[in-house]
Structure formats: structure tokens, C-alpha cells
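Read through the structure below, which is laid out as C-alpha cells, and then see the notes.
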Amino acid sequence: MEEERGVLVCRAIPGIQPRSAFTSKGVAAGKFACISVDQRDYAPTAAQFIKHPLALVACLPRDVTLFLAGAAAGAAAKTLTAPLDRVKLLMQTHGLRVGQESAKKAVGFFEALALIGKEEGLKGYWKGNLPQVIRIIPYSATQLFAYEAYKKLFRGVDGELSVIGRLAAGAFAGMTSTFVTYPLDVLRLRLAVETGSRTMTEVAVNMLREEGFASFYSGLGPSLIGIAPYIAVNFCVFDLVKKSLPEKYQKRTEASLVTALVSATIATLMCYPLDTVRRQMQMKDTPYNTVLDAIPGIVARDGFSGLYRGFVANALKTLPNSSIKLTTFDAVKTMVAAGEKELQKIMDENQRRQKQSKSE
């Protein structure tokens, strides 16, 4: 009987610092290795993939599959909740747009909803959504990989991630993804609140010509200050609440949904005023240069409630947004796990058949 070929595979072990592979005398020093059987000969055939299509999902790297799922879920959630987001933006920036004398009269949720339909028609509810959908793909990618990288960075010596570590990882991941995609967020705001039918390219060129490149990063300071605690609290509360649940509930979609809504609500209540400040600083001809200018200015003109304008629309947007994201993401994770089992089952069967044919 023909012997199976062995493959020597060297893999890095987390928590162990790499050292030189050989000493001056050529003796191996401080390296670890494992021996595994080459499984390429047991790979599924085209006919097997047709019969078991779910196994194809497992052929992609797991991180790539989950990232694509997260990006698709984010794009779908943003598109379906775009009307509420447009209403929220109009409510947040109403005082600055109408001027000092009329600023005291805040625009209500239903008033803003009716105003968009009356002036711009049905498509007006999705005005500015394209740059947001384009933005969510690199935003999700950056946040996902940055969060994983920062979690490794902030892990303790024992490999565990503390509460402070979770908060720090979430904060830095939020700031990293925000900085990378911030110009698209500014473009979305300009398209959503400025009058006239202009394309994203026209708005971008006009901003560059009239206001300079720095206008694409107007309000970045409060954005970073706002997103850091938001993502930190959101991720940390979600992880801790999920871990505190009985084990039989931890993997259920309903538990993830409720936990995500609780964490998002707490984070939003804490950080929403900074989001309002950020939006008003992004506006053209804004009188605010810093957060310290904007907060007292908004309170003086609109009252304390001015910091929470658009909160209802934002809260109404959170429920379907979180639901779509979590449902899609959990479904894909389940599908990936099932695909991996299916692929392993096929490879085990191929290995068994190959051994039988060799022994005969």
C-alpha cells in the first residue's frame, strides 16, 4: 500500500515571541511545528460541489465571507432606513439653515417628513444615500479589521480582553474607520440638506473649488470624539451583556438582536449631542470652528433640546437598521458554519474512498 505524504507546516503561535530558527551551530532553537496530511487529494469534485453547493461557501476565507456579508447587510440597512436618516439630518441642521431669527421654531419629525415629499417627491427621501452606501463598504471593512487588530493589541498577558481593552479597541476602530471614510460622510450631508438637484461629483468638485480640500474634513474633531465613545460603549456593552446570558441563549439570533438594541440605545443617548455638533460643523458657512464653540452656540440658539434634535428619527432608524444587520450577519455565520461542516464531510468521504481503493 502506498504511504501518504507528510507535509511539515510551521505556524506562529499567539503569545509566543519569534526567535531565530537556528543557533550558530545549526541546531533548531525555540520553534514549533506540526505534521499534517496533505488534504489536497481529497478536495471535492465539481460534481460534489453541484450536489452540495453550500460547501462552496467554505472555500472562501472565513474573514472574507463575513466581511462581504457585513458590507451587504450594512448597505441594505442604510438603503431601507435612508428616509428616516434624511429626516434626522434636516431636523439636526434646521436651526443653522433657516437663520438666527427663525431658529427657535424647530421642525418636527412629521413636518420634515411631509416637507421632503412635497418639495422633492419620493426620490427625495433617498437623496444622499448613494455616497452613504458607497461609504459603508470600506467603513465596514476598515472597522472590522481594525477592531480585530486592536483587540489583539489590547489583550493582556493571559490572552484575555478586559473591559478597558474592549473599550479601547472599539474606540480606536471607530476612529480609524471614521477618518478613512469621512469625506464621503460630508458629501452625503451636503447632498441631503442643500437645495437643488446635483450629483455627488458636482458637489465634490464645487467643495474643492470653493472651500478647498480641508472642507472634506470639516467637523472631523467632534466626529472622532463622538464615534470613539459610541463604538466603545456599543461593542463593550454588547459583548458583556451577551456573555452574561445563559449559554443556551448566547447563539440565538433573538438574543443578539435584543442585546444589540440595548447597547446601541445606551451608546446613542450618551453620544448623540456630539453627532448634532458634527453635522452643524459640516455645513457650509458654519459659524463654529471647534466643539467648544458649537455646543454653547447651539444651546443658546435652540436650547438644550437642540442637541437632541432628530433623536426620535435616529431612534426609529436604529431598530430596523440593527435588525437587518444582525439577522443577515447571523444567517451568514450559520451558513458558513454549515458549509464548513459540509466541506469537511465531503473531504472525509473522499479520504475514506481513496484509502479503500488503495487497500484493494
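Values reported hereafter were calculated over all heavy atoms of this structure, with side chains retained and with hydrogens, waters and symmetry mates removed. Bear in mind that the values here come from a model prediction, so they are computed numbers and not experimental data.
For the atom pair CG of Leu224 and CG of Leu274, the computed distance is 11.0 Å after rounding to the nearest 0.5 Å. Gln354 CD to Met347 CE: the interatomic distance, rounded to the nearest 0.5 Å, is 11.0 Å. The CG atom of Asp293 sits 9.0 Å away from the OH atom of Tyr288 when rounded to the nearest 0.5 Å. Atoms CG and CG, on Leu343 and Leu54 in that order, are 10.0 Å from each other to the nearest 0.5 Å. The structure places CG of Leu187 at 11.5 Å from OG1 of Thr181, a figure rounded to the nearest 0.5 Å. With rounding to the nearest 0.5 angstrom, the CD atom of Glu340 is 11.0 Å from the CE atom of Met335.
Using modelled atom types and a 3.5 Å distance limit, the side chains of Glu202 and Asn206 yield no donor-acceptor pair.
Side-chain atoms of His52 and Pro44, non-hydrogen and from C-beta on, never get closer than 4.5 Å to each other. For the pair Thr259 and Lys243, the minimum side-chain heavy-atom distance is 4.5 Å or more. Side-chain atoms of Arg86 and Glu120, non-hydrogen and from C-beta on, do get closer than 4.5 Å to each other. In this structure, the side chains of Arg352 and Asp348 stay at 4.5 Å or more apart for every pair of heavy atoms.
Shortest non-hydrogen contact noted between Val180 and Pro183 is O-CD, 4.1 Å. Scanning both residues, Ala232 and Ala171, for their nearest heavy atoms gives CB-N, 3.9 Å. The two residues Val133 and Ala75 come nearest to each other via the heavy atoms CG1-CB, 4.0 Å. Between Ile231 and Gly170, the shortest heavy-atom distance links the atoms CG2-O, 3.1 Å. Looking at every heavy atom in both residues, Phe304 comes nearest to Val299 through N-CG1, 4.2 Å. What you find for Ala264 and Asn234 is that their closest heavy atoms are N-OD1, 3.5 Å.
The closest donor-acceptor contact from the side chain of Tyr230 to the backbone of Ile225 lies at 3.5 Å or more, if one exists at all. Judged by distance alone, the side chain of Ser218 and the main-chain N or O of Ser215 form a donor-acceptor pair under 3.5 Å. The main-chain N or O of Ile116 is never found under 3.5 Å from a side-chain atom of Glu119 such that the two would form a donor-acceptor pair. For Thr81 (side chain) and Leu84 (main-chain N/O), no donor-acceptor pair under 3.5 Å exists by modelled atom type. Looking at Trp126, its side chain does come within 3.5 Å of a backbone N or O of Thr79 through a donor-acceptor pair.
Using cut-offs of 30° and 60° for the angle between ring planes, the Tyr308 and Phe311 rings count as perpendicular.
Scanning for salt bridge (charged side-chain N to carboxylate O under 4.0 Å, His left out) contacts around Lys151 gives Glu148, with sequence neighbours left out. Here Arg353 pairs with Glu349 under the salt bridge (charged side-chain N to carboxylate O under 4.0 Å, His left out) rule; sequence neighbours left out. Listed by chain and number, the residues in a side chain to side chain donor-acceptor pair (under 3.5 Å) with Tyr272 are Gln92 (sequence neighbours excluded). Remark: Phe179 pairs with Tyr217 by the ring pair (Phe, Tyr, Trp, His ring centres under 6.0 Å) rule, at least two apart or across chains. Among residues two or more places apart in sequence or in another chain, the ring pair (Phe, Tyr, Trp, His ring centres under 6.0 Å) test is passed with Phe172 by Tyr150, Phe154.
In the hydrophobic clustering of this structure, Leu245 does not group with Val258; members are Ile, Leu, Val, Met, Phe, Trp, Tyr whose side-chain heavy atoms approach within less than 4.5 Å, directly or through other members. Linking Ile, Leu, Val, Met, Phe, Trp and Tyr whenever their side-chain heavy atoms come within less than 4.5 Å leaves Ile50 and Val57 in two separate clusters. Under the 4.5 Å side-chain heavy-atom criterion for ILVMFWY residues, a single connected hydrophobic cluster contains both Leu184 and Leu208. Under the 4.5 Å side-chain heavy-atom criterion for Ile, Leu, Val, Met, Phe, Trp and Tyr, Val262 and Leu240 are members of distinct hydrophobic clusters. Clustering ILVMFWY residues whenever any of their side-chain heavy atoms sit less than 4.5 angstrom apart, transitively, puts Ile295 in the very cluster that holds Leu269.
Looking at Glu211 and Arg190, a side-chain N of the basic residue comes within less than 4.0 Å of a carboxylate O on the acidic one, giving a salt bridge.
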Next on the checklist: Evaluate Thr276 against Arg309 for side-chain contact (heavy atoms from CB on, under 4.5 Å), listing each step before the verdict.
Outcome noted: CA-CA 8 Å; Thr276 300; Arg309 279 188 179 173; 5.6 Å; no
Item to check | side-chain contact (heavy atoms from CB on, under 4.5 Å) assessment of Phe49 paired with Ile346 | outcome: CA-CA 9 Å; Phe49 274 131; Ile346 295 172; 5.7 Å; no
Item to check | side-chain contact (heavy atoms from CB on, under 4.5 Å) assessment of Gln48 paired with Asn350 | outcome: CA-CA 10 Å; Gln48 287 175 318; Asn350 289 349; 2.9 Å; yes
Item to check | Step-by-step side-chain contact (heavy atoms from CB on, under 4.5 Å) determination, Phe216 to Met207 | outcome: CA-CA 8 Å; Phe216 288 97; Met207 286 175 62; 4.1 Å; yes
Donor-acceptor pairs are to be reported for all side-chain atoms of residues 160-167 against protein atoms at under 3.5 Å, with residues two or more places apart or in another chain.
from	atom 1	to	atom 2	distance (Å)
Ser162	OG	Gly165	N	3.1
Arg166	NH1	Asp239	OD2	3.1

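Taking a 6.0 Å sphere around CD of Glu247, one finds it holds 12 or fewer heavy atoms contributed by other residues, nucleotides or ligands.
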